[in-house]
Amino acid sequence: MKLQCVLAALCVAVGALAGKYTREFNEPEPSGGGGDDGQTVEFRIAKLNQVWEKAKRLQLSPVQQSELHSDLKIQEKDELQWKKVKVEGLDEDGEREAQLRRSFNVILAKYGMDGKRDTRPLESNHLKDHDTQEGDVFDDPRLDKLWNKAKISGKFSSEELLSLKREFQHHKDKTHEYNILMDTVSRTEEIHKNVISSLEGDAKEHVLHQKHTDLKQKMRDLHQGFERLRKLSHEGFTGDSEFREPRVIELWEAAMRTNLSDAELDSLKEELRHFETKVEKHSHYQEQLQLSHQKLRHVESLGDKEHIRRNQEKYETLAEKTREMGYKMKKHMQDLSNKISQEGLRHNEL
């Protein structure tokens, strides 16, 4: 009898341990499903859910929260794809894994969730190293100087100034991302100095080399982007400008630097026009989301419960739609960027 009880207990224990390492445990059911506690799970990867739950407790604006959600969805897609690649033994040097870790760190820093939001100083080798002055818009003296000159130049209509401001903001965001990557490389190098195992050291040396390559490319992109802003600020928009959105312009200019044929460029141009429409639609939804949030806060101050409920439903529906569009737009941009890079490499090999 005692033996039967022991065997039964062992079976229960083994079953519990097996459950701990199932895919369902480590990759929770996505939004729409629920756990035993009835809470919905937004992502299939636990660490992404932890970031999302933390973000909901922070004072992020509705647009920031929406942007974070789409960034996390892209990260989720890439990590799930990498897991399949790893199983097939196609990431032996760990380069793809290092890129994913880097992109995750960028997300944390971008939204102030890396634990350094208020304490991390900008080091002297970062691109932004100055005291904020009254009237600063972009927290970068070079951008602010260009922007203020452009505003009073008389070369831009109100609509063109809005487009120009989007381009300046895009450059500011890219500079911020560069600084995050610079900080990550600095910390990785510090860890690398303390490595004892030569094998582990070789692996980290490869990761560091890749990060330095990324830094050089981002620095080149930043210089090209700033030169374009400088020229645009002095000369204004020309009638033959192909695109209006900064991200689309960046992709088109990257394509122009490759050896693509005229026919291939024409095909890509058409695809970029469709993408630009998607970007503009997403920007419109972001504006509507911000307005909806402001209206909800106003209604809440009035205290009418039914009115609050209706506006809350509208706001949540709009927020979900904006997040969905944001993910699709960023995925499309990722696909286009990869396509341009691969086509450029293929032509260079030929």
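FYI, side chains are in, hydrogens and waters are out, and symmetry mates aren't considered; it's all heavy atoms of this structure.
A 4.5 Å side-chain heavy-atom check between E53 and K56 finds at least one atom pair inside the cut-off. Within the 4.5 Å cutoff, the side chain of R309 has heavy atoms near those of the E306 side chain. Side-chain contact between Q50 and K54: absent, with no pair of heavy atoms (C-beta onward) separated by less than 4.5 Å. Side chains of V299 and D304 form no contact here, defined as non-hydrogen atoms less than 4.5 Å apart. Within the 4.5 Å cutoff, side-chain heavy atoms of W147 are placed close to those of L164. Annotation: side chain of Q64 is in contact with side chain of S61 (closest heavy-atom distance under 4.5 Å). Side-chain contact between F226 and T175 is absent, with no heavy-atom pair separated by less than 4.5 Å.
Atom CD of residue E79 and atom CD of residue E97 lie 9.0 Å apart, to the nearest 0.5 angstrom. With rounding to the nearest 0.5 angstrom, the CG atom of L229 is 10.5 Å from the CG atom of L222. Distance CG/L268 to CZ/R273: 10.5 Å, rounded to 0.5 Å. One distance of note links CG of L143 with CD of Q169; it measures 9.5 Å at 0.5 Å rounding. To the nearest 0.5 Å, atom NE2 of residue H171 and atom OH of residue Y178 are 11.5 Å apart. In this structure, NZ in K331 is found 10.0 Å from CG in L336, a value given to the nearest 0.5 Å.
By the rule that hydrophobic residues join a cluster once side-chain heavy atoms approach within less than 4.5 Å of another member, L272 and M329 end up as members of one cluster. No path of Ile, Leu, Val, Met, Phe, Trp and Tyr side chains, each step under 4.5 Å between heavy atoms, connects L289 with Y327, placing them in separate hydrophobic clusters. I74 and L72 fall into different hydrophobic clusters, where Ile, Leu, Val, Met, Phe, Trp and Tyr side chains are chained together by heavy-atom contacts under 4.5 Å. I107 and L80 fall within the same hydrophobic cluster, where Ile, Leu, Val, Met, Phe, Trp and Tyr residues are linked whenever their side-chain heavy atoms come under 4.5 Å apart, directly or through other members. One hydrophobic cluster holds both L265 and I249 under the rule that ILVMFWY side chains link at heavy-atom gaps under 4.5 Å.
When atom types are taken as modelled, the side chain of Y285 and the backbone of M325 share no donor-acceptor pair closer than 3.5 angstrom. Not one N or O on the side chain of D140 forms a donor-acceptor pair closer than 3.5 Å with the backbone of K172. Judged by distance alone, with hydrogens and angles left aside, the side-chain atoms of E88 form no donor-acceptor pair with the main-chain N or O of V85 at under 3.5 Å. Of the possible polar contacts, none joining the S267 side chain to the A263 backbone as a donor-acceptor pair under 3.5 Å is found. Of the possible donor and acceptor atoms, none in the side chain of T258 sits under 3.5 Å from a partner among the backbone N and O of A254.
In this structure, L100 belongs to a hydrophobic cluster whose other members, linked by side-chain heavy atoms under 4.5 Å apart, are W82.
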- request: Would you check, one step at a time, whether the test side-chain contact (heavy atoms from CB on, under 4.5 Å) holds for E250 with H170?
  value: CA-CA 10 Å; E250 190 175 283; H170 179 64; 3.0 Å; yes
field: Stepwise side-chain contact (heavy atoms from CB on, under 4.5 Å) check, Q65 with Y111
entry: CA-CA 9 Å; Q65 198 174 88; Y111 297 96; over 6 Å; no
task: For side-chain contact (heavy atoms from CB on, under 4.5 Å), just list the numbers for L68 and L60, CA-CA rounded to whole Å, side-chain angles, deciding distance to a tenth of an Å, and then say yes or no.
output: CA-CA 10 Å; L68 170 61; L60 295 178; 4.1 Å; yes
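Side-chain N/O atoms of E264 and S261 include a donor and acceptor closer than 3.5 Å. Residues Q286 and Q290 bring no donor and acceptor atom of their side chains to less than 3.5 Å of each other.
Applying the side chain to side chain donor-acceptor pair (under 3.5 Å) criterion to E271, with sequence neighbours excluded, gives K339. Under the side-chain contact (heavy atoms from CB on, under 4.5 Å) criterion, L302 pairs with H298, sequence neighbours left out. Residues passing the ring-ring contact (aromatic ring centres under 6.0 Å, His included) test with F156 are F237, sequence neighbours excluded. In this structure, E287 has no salt bridge (Lys or Arg N to Asp or Glu O under 4.0 Å) partners at least two apart in sequence or on a different chain. With sequence neighbours left out, R297 forms a side-chain contact (heavy atoms from CB on, under 4.5 Å) with H293, E300. Scanning for side-chain contact (heavy atoms from CB on, under 4.5 Å) contacts around M333 gives R247, L251, F275, with sequence neighbours left out. Residues meeting the salt bridge (Lys or Arg N to Asp or Glu O under 4.0 Å) test with R244, sequence neighbours left out: E276, E280. Partners of S292 according to the side chain to side chain donor-acceptor pair (under 3.5 Å) rule, which considers only residues two or more places apart in sequence or in another chain, do not exist here. Legend: residues meeting side-chain contact (heavy atoms from CB on, under 4.5 Å) with E159, ordered by chain and number and at least two apart, are S157.
Minimum heavy-atom separation, A150 to L161: O-CD2, 4.4 Å. Across all their heavy atoms, V51 and M113 have their closest contact at CG1-CE, 3.5 Å. Nearest heavy-atom pair across S103 and Q75 is OG-OE1, 2.7 Å. Minimum interatomic distance between G326 and S70 (heavy atoms only, all atoms of both residues): C-CB, 3.6 Å.
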Show every donor-acceptor pair shorter than 3.5 Å between a side-chain atom in residues 314-323 and any protein atom, with sequence neighbours excluded, or say none if there are none.
| unit_1 | atom_1 | unit_2 | atom_2 | d |
| --- | --- | --- | --- | --- |
| E316 | OE2 | Q312 | NE2 | 2.8 |
| T317 | OG1 | E313 | O | 2.9 |
| T322 | OG1 | L318 | O | 2.7 |

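The existence of a salt bridge linking R230 and E227 is confirmed by a sub-4.0 Å separation between a basic side-chain nitrogen and an acidic carboxylate oxygen. Checked for salt-bridge contact, E245 and K278 miss the test: no charged N lies under 4.0 Å from a carboxylate O. Salt bridge absent: R44 and E76 never bring a charged side-chain N and a carboxylate O closer than 4.0 Å.
Annotation: F43 is in aromatic contact with H69 [ring centroid separation under 6.0 Å].
More than 12 heavy atoms of other residues, nucleotides or ligands shown are found within 6.0 angstrom of NZ on K47. In K165, the NZ atom is not crowded: 12 or fewer heavy atoms of neighbouring residues, nucleotides or ligands sit closer than 6.0 Å. For D262, the CG atom sits in a loose shell: 12 or fewer heavy atoms of surrounding residues, nucleotides or ligands are nearer than 6.0 Å. The 12-atom threshold is exceeded at NZ of K269, counting heavy atoms of other residues, nucleotides or ligands nearer than 6.0 Å.
Screening R96, K73, K83 for a side chain to side chain contact (heavy atoms under 4.5 Å, CB included) with D78, the sole residue that qualifies is R96.
For residues 59-71, the set of pairs meeting the salt bridge (Lys or Arg N to Asp or Glu O under 4.0 Å) definition, not counting sequence neighbours, comprises E67-K330, D71-K110, D71-K330.
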